[in-house]
Number of protein chains: 2
Amino acid sequence: MSKVGIRDVAKLAGVSTGTVSRVLNDHPSVTKELRARVGGIINDLGYLPDPSARSMRSKVSRLIGIVIPDLTNPFFAELVQSAEQAAANHGYNIIVMTSFDHAAKEADRIRQLTSRKVDGIILVPSNDFHTIKLPKGLPIVVVDRLMPGYSGIAADHRNGVRLGVEHLLKLGHRRIGFISGPGHSVPANDRLRGYLDAIEEADGSAAMAGPPLIAEAAFDYESGRSAGNYLLARARNERPTAIFASSDQQAIGCMRAAHDLGIPIPAALSIVGFDGIPLASMTTPRLTTVKQPIQEVAAAAVAVLLNKQTAPELDNPILFACELLKGETTSPPQPD
Amino acid sequence: MSKVGIRDVAKLAGVSTGTVSRVLNDHPSVTKELRARVGGIINDLGYLPDPSARSMRSKVSRLIGIVIPDLTNPFFAELVQSAEQAAANHGYNIIVMTSFDHAAKEADRIRQLTSRKVDGIILVPSNDFHTIKLPKGLPIVVVDRLMPGYSGIAADHRNGVRLGVEHLLKLGHRRIGFISGPGHSVPANDRLRGYLDAIEEADGSAAMAGPPLIAEAAFDYESGRSAGNYLLARARNERPTAIFASSDQQAIGCMRAAHDLGIPIPAALSIVGFDGIPLASMTTPRLTTVKQPIQEVAAAAVAVLLNKQTAPELDNPILFACELLKGETTSPPQPD
DNA sequence: TTGTATGCGTTATCAG
DNA sequence: CTGATAACGCATACAA
């Protein structure tokens with residue numbers, strides 16, 4: 001009952017190992033009936049092909065690696081989960097690794113994955129990613145945080161943010177703060193540009209009353225809280241009446257900050273987040289946010305790696321549209 | 001620059017492939033200097049041993065599988081991340097899979113992992129887990145949701161809950177509601193028993209004034225909200241003055257419910273959660289919660305699978321102590 | 001201590 | 001369409 005190999009199946013079926021192999025990989029050149037019989041034996045014996053042997057010969061591991069900055073971030077968790085589903089549909093499995101937003105660790109993870117001989121890598125670059133020397137010949141698709149020079153797939157952050165800011169503008173807000181992403185990363189810039197797009201379109205002068213209302217922050221709760229404190233620490237008539245945060249976690253941290261300062265939401269401050277994580281509908285009050293189509297992004301990434309879909313051109317990423325989810329953190333501004 | 005194999009290294013180092021192999025696996029019987037020289041060549045050439053070939057010979061894949069109900073749950077996400085770290089320290093990698101709390105999917109995932117020839121599996125059983133026929137010979141360690149008959153590792157839920165409930169009792173609460181876990185799972189029961197332990201110890205009669213204050217719910221936000229609604233939908237003098245939730249997500253959902261009912265926290269209702277996820281300190285007000293030592297649990301699970309630590313006896317799990325994190329959702333009860 | 005040679009379980013190449 | 005057989009890249013028993 002221990003190790004049943006392909007030869008056992010072959011013997012019991014009265015065929016050669018070659019035939020069994022062909023059945024296994026449903027090679028077209030096998031009779032229907034023979035395929036059926038051999039298939040039956042395979043099942044009866046509970047035979048499972050050895051992936052190592054298989055991979056050694058075929059040079060295909062049916063493994064794909066995914067490297068993300070932080071699994072604790074619900075957004076990435078959902079990304080990984082979606083990728084796992086998509087991969088499983090094609091008989092592939094996922095190896096996860098965390099870079100902790102640290103370039104050196106990230107490079108190491110990619111090295112590990114390479115030596116693992118995965119068939120491809122889905123990478124969400126760390127914030128201080130500086131063009132790692134990627135192993136040539138190993139398909140890599142950059143996701144969410146696009147990098148110039150790499151084949152990428154992501155949500156359309158720019159237009160997504162614009163959607164959210166336009167919503168605030170329509171409500172009548174004119175001093176709209178913005179918590180941006182960290183550093184000069186592409187997604188941070190994209191989101192910032194979405195903000196600027198909306199502001200400019202709505203007539204820059206009216207919108208930008210007062211000093212710059214932009215704060216830079218990492219995407220986590222705590223950074224959002226600090227940024228919120230910073231933006232809200234000014235006289236009431238100079239303080240933003242609304243804030244757009246570049247992540248839901250930032251937005252939630254910002255809500256904390258507002259609460260600590262005694263600023264009621266949405267009465268005295270409207271907040272819009274970005275990502276659309278499930279938690280957004282559980283905060284008090286419910287967070288208005290821009291939802292990213294994570295599952296679509298993940299599925300597309302997997303499809304590209306498995307050549308089920310043509311890879312996007314360098315510097316011409318595949319983008320998926322975002323959607324505004326109205327919650328309870330937005331309302332018209334109070335008069336000063 | 002393409003495929004450099006062990007023979008290339010051997011040739012260039014002027015030794016046999018056997019020696020290179022021994023260096024690779026740091027077999028003791030190799031001269032220090034030879035080891036150094038060969039190691040150098042290996043580095044220079046950027047040689048990476050092929051894991052498939054390696055695994056085929058040695059019967060060790062250096063892969064371990066982890067099956068969890070839902071990666072979107074921050075608790076499991078952290079568990080996976082911790083496991084990944086622990087495994088990496090030993091040169092192992094992690095394949096993640098989600099069961100979506102569905103027994104059939106769970107069985108399928110385990111089958112996949114088995115055929116993948118992973119060296120071990122870390123399993124957080126689904127809620128409707130019914131004793132899956134686990135493949136013999138493959139080490140499996142059940143984590144968090146212990147199952148009778150399996151080698152398990154977890155936080156000490158029972159005493160952890162007790163800690164939280166005792167805190168409420170000390171504050172003066174006597175009508176303490178409890179949101180339990182789903183079904184009749186072991187962890188749900190453990191937590192329930194912790195609750196009962198504390199209540200009984202504090203003198204049952206005084207504590208249990210009124211009808212039973214226990215609501216069953218899944219561990220997610222929404223279920224916590226429903227359970228909260230259920231517990232709070234009664235006359236003020238019968239309604240609990242405090243609620244202990246079996247997960248932080250439940251607790252947050254419950255806060256939502258309280259807010260929707262116009263019940264201020266902690267003034268009219270104290271809430272304590274369980275898990276200690278990072279988000280707990282970002283809610284408004286900050287959630288008081290019982291923190292599980294996830295990292296320790298994950299590390300222990302990995303250690304057991306790699307035989308770095310003796311496996312716990314069946315039905316005699318390894319337990320790690322929890323810790324109470326005081327937030328702002330608890331205060332003495334108001335008089336009725 | 002080191003070299004030699006064999007086989008791990010499959011797939012792919014050729015014949016037939 | 002199917003059978004026989006040679007790799008695949010490495011680890012290990014055995015010989016030296």
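The chains referred to below are lettered A, B, ... by the order of the sequence lines, with proteins before strands, and numbering in each begins at 1. Worth saying up front: this structure is predicted, and the values here are computed from it rather than measured.
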Asp70(B): which residues meet the salt bridge (charged side-chain N to carboxylate O under 4.0 Å, His left out) condition with it, sequence neighbours left out? none
dT10(C), dT2(D), dC8(C): which one has an atom nearest the side-chain heavy atoms of Ile6(A)? dT10(C)
Measure the distance from NE2 on His27(B) to P on dT1(C) and round it to the nearest whole Å. 8 Å
Measure the distance from CG on Leu45(A) to P on dG9(C) and round it to the nearest whole Å. 15 Å
Both Gly14(A) and Pro49(B) contact DNA chain D. Which one's nearest nucleotide lies toward the 5' end? Gly14(A)
Return the 5'-most residue of the pair Val20(A), Val30(B) with respect to DNA chain C, ranking by each residue's nearest nucleotide. Val30(B)
Point-to-point distance, once rounded to the nearest 0.5 Å, from CD of Gln292(A) to CD1 of Ile277(A): 11.0 Å
Distance check needed: dT1(C) P versus Arg37(B) CZ, whole Å only. 16 Å
Taking atom CD of Gln295(B) as the centre, does the number of heavy atoms from other residues, nucleotides or ligands within less than 6.0 Å exceed 12? no
Strictly by modelled atom types, are Asn89(B) and Gln85(B) linked by a side-chain donor-acceptor pair under 3.5 Å? no
Going through the distances and angles, do Glu313(A) and Ser151(A) end up as a side chain to side chain donor-acceptor pair (under 3.5 Å)? CA-CA 6 Å; Glu313(A) 305 284 320; Ser151(A) 203; over 6 Å; no
Taking donor-acceptor contacts at under 3.5 Å, does the side chain of Arg22(A) reach the base of dG3(D)? yes
Options dG3(C), dT12(D), dT10(C), nucleotide nearest the side-chain atoms of Tyr47(A): dT10(C)
Starting at NZ of Lys3(B) and ending at C1' of dC10(D), how long is that distance when rounded to a whole Å? 16 Å
Output yes when at least one side-chain N/O atom of Ser29(B) is less than 4.0 Å from OP1 or OP2 of dT2(C), else no. no
Could you please name the option among dG3(D), dA11(D), dG9(D) that lies closest to any side-chain atom of Asp50(B)? dG9(D)
Using whole Å, what does the distance between atom P of nucleotide dT11(C) and atom CG of Asn25(A) come to? 5 Å
Starting at CZ of Arg116(B) and ending at C1' of dG9(C), how long is that distance when rounded to a whole Å? 16 Å
Both Met56(B) and Thr31(B) contact DNA chain C. Taking the nearest nucleotide for each, which residue is further toward the 5' end? Thr31(B)
Strictly below 4.0 Å: does Lys59(A) bring a side-chain N or O up to OP1 or OP2 of dG9(D)? yes
Between atom CZ in Arg57(B) and atom C1' in dA11(D), what is the gap in whole Å? 4 Å
Rounding to a whole Å, what distance do you find between Glu33(A):CD and dC1(D):C1'? 12 Å
Could you please name the option among dA11(D), dG9(C), dG3(C) that lies closest to any side-chain atom of Ser58(B)? dA11(D)
Apply side-chain contact (heavy atoms from CB on, under 4.5 Å) to Pro278(A) and list each qualifying residue two or more places apart in sequence or on a separate chain. Glu78(A), Thr72(B)
Identify whether any heavy atom of Gly5(A) sits under 4.0 Å from a base atom; if not, whether one sits that close to sugar-phosphate; answer base, sugar-phosphate or nothing. sugar-phosphate
Would you say dG3(D) has OP1 or OP2 under 4.0 Å from some side-chain N or O of Thr19(A)? yes
Mark yes or no for a side-chain to base donor-acceptor pair under 3.5 Å between Arg54(B) and dA11(D), with no hydrogen or angle criteria applied. no
Could you pick out which residue, Arg7(B) or Thr17(A), lies toward the 5' side of DNA chain D when each is mapped onto its nearest nucleotide? Thr17(A)
